[in-house]
Amino acid sequence: VRARRAMPVVLARPEAAVVALVHGEAPRMLVDEFFHQLTRQLATVLGVREAFVTECMNYPITRMHRLAHWKNKEFVAPKDYDLPGAPCEEVIGSGGELYCFKGASERWPREKPFGWEAYIGIACRDRDGRVIGHIAIVDDKPMREGQPEWSVLKLIAERVAIELERRQFAPQVAAAS
């Protein structure tokens with residue numbers, strides 16, 4: 001009898017933890033709390049230095065508002081920033097995904113002071129297809145290409161888009177009550 005070597009289950013733990021947060025906890029959380037917990041969980045589970053969620057501040061899009069940001073194992077205060085020259089500009093402009101597994105500071109010199117080596121960003125779209133924000137993870141060391149958990153980020157971006165829309169409509173719902 002020949003022994004078969006077990007295949008490592010790389011995806012099981014990150015996928016289970018993040019998907020549980022996205023599907024199990026979100027309905028019970030306030031929207032902003034959801035974003036904070038999501039960024040913390042993303043960075044922790046995926047083993048990266050930073051994770052953040054943004055929303056677009058204007059159309060055409062030139063400014064972003066960072067709603068939640070987990071960096072170096074703590075929350076960073078929300079802030080507004082200009083889009084031009086940031087990696088987020090490519091994500092928002094394309095309305096898609098951007099994977100830079102190494103060399104982020106060289107590709108975007110504006111980010112050099114922050115020590116970004118790797119960046120992954122995925123746009124969030126509303127139900128009409130309009131880009132309304134994005135999620136991103138960042139690290140100060142290169143990320144490995146082809147990690148199965150990177151595909152989970154697409155699912156998370158869709159959930160974040162739903163929560164961004166819910167956040168945008170909350171004042172109208174409150175006023176109607």
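The two residues P109 and P113 come nearest to each other via the heavy atoms O-CD, 3.9 Å. Nearest heavy-atom pair across A118 and A104 is N-CB, 4.0 Å. Between A157 and C124, the closest heavy-atom pair is O-SG, 3.4 Å. In terms of heavy atoms, S105 sits closest to E111 at OG-O, 3.9 Å.
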Before you tell me yes or no, could you show the steps for Y59 and I132 under side-chain contact (heavy atoms from CB on, under 4.5 Å), namely the whole-Å CA-CA distance, both residues' side-chain angles and the distance that decides it to 0.1 Å? CA-CA 10 Å; Y59 293 92; I132 56 174; 3.7 Å; yes
### Message
Between C56 and V131, does the side-chain contact (heavy atoms from CB on, under 4.5 Å) criterion hold? Intermediate values first, please.
### Response
CA-CA 8 Å; C56 301; V131 175; 4.3 Å; yes
Given I137 and L153, is the side-chain contact (heavy atoms from CB on, under 4.5 Å) satisfied, shown in steps?
CA-CA 9 Å; I137 59 172; L153 292 173; 3.9 Å; yes
Test side-chain hydrogen bond (donor to acceptor under 3.5 Å, both in side chains) applied to W108 and E90, step by step: CA-CA 11 Å; W108 300 284; E90 290 184 41; 3.0 Å; yes
(request) Check step by step if side-chain contact (heavy atoms from CB on, under 4.5 Å) holds for F34 and T39. (result) CA-CA 9 Å; F34 168 77; T39 57; over 6 Å; no
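Every residue two or more places apart in sequence or in another chain that forms a side chain to side chain contact (heavy atoms under 4.5 Å, CB included) with D82 is listed here: R63, P84. Under the rule for a side chain to side chain contact (heavy atoms under 4.5 Å, CB included), E158 has no partner lying at least two apart in sequence or in another chain.
Atom CH2 of residue W70 and atom CZ of residue R49 lie 14.0 Å apart, to the nearest 0.5 angstrom. Put simply, CG on L42 and CD1 on I156 are 4.5 Å apart, with the number rounded to the nearest 0.5 Å. Taking CD of E117 as the start and CE of M143 as the end, the distance is 9.5 Å to the nearest 0.5 Å. The CD atom of E55 sits 9.0 Å away from atom CG of D80, with the distance rounded to the nearest 0.5 Å. One distance of note links OH of Y119 with CG of D139; it measures 14.0 Å at 0.5 Å rounding. Rounding to the nearest 0.5 Å gives a distance of 6.5 Å between CD of E165 and CD of Q168.
E97 and K154 are joined by a salt bridge, as a carboxylate oxygen and a charged side-chain nitrogen come within less than 4.0 angstrom of each other. A salt bridge links E163 and R159; the closest N-O separation between the charged side-chain nitrogens and carboxylate oxygens is under 4.0 Å. D128 and R130 are not joined by a salt bridge, as no carboxylate oxygen comes within less than 4.0 angstrom of a charged side-chain nitrogen.
Taking the centre of each ring, H134 and F52 come in below the 6.0 Å mark. F75 and H69 have their aromatic ring centers separated by at least 6.0 angstrom.
T44 places no side-chain N or O within 3.5 Å of a backbone atom of Q41 that could act as its donor or acceptor partner. In this structure, the side chain of W150 does not engage the main chain of Y99 through any donor-acceptor pair within 3.5 Å.
Using a 4.5 Å heavy-atom cutoff, the side chains of I120 and L98 are not in contact. Looking at P87 and R107, their side chains never come closer than 4.5 Å, going by heavy atoms from C-beta outward.
A cation-pi contact, defined as under 6.0 Å to the ring centre and within 45° of the axis, links R66 to Y81.
Ring-plane geometry between W116 and F114 is classed as tilted, the angle between the planes lying from 30 to 60 degrees on a 0 to 90 degree scale.
Taken together through direct or relayed side-chain contacts under 4.5 Å among Ile, Leu, Val, Met, Phe, Trp and Tyr, I61 and L67 form part of one hydrophobic cluster. Grouping the Ile, Leu, Val, Met, Phe, Trp and Tyr side chains by contacts below 4.5 angstrom, directly or via other members, places F101 with I122.
Summarising the local packing, NZ of K71 is surrounded by more than 12 heavy atoms from other residues, nucleotides or ligands at distances under 6.0 Å.
Looking at V91, V53, T54 one by one, the single match for side chain to side chain contact (heavy atoms under 4.5 Å, CB included) with I135 turns out to be V53.
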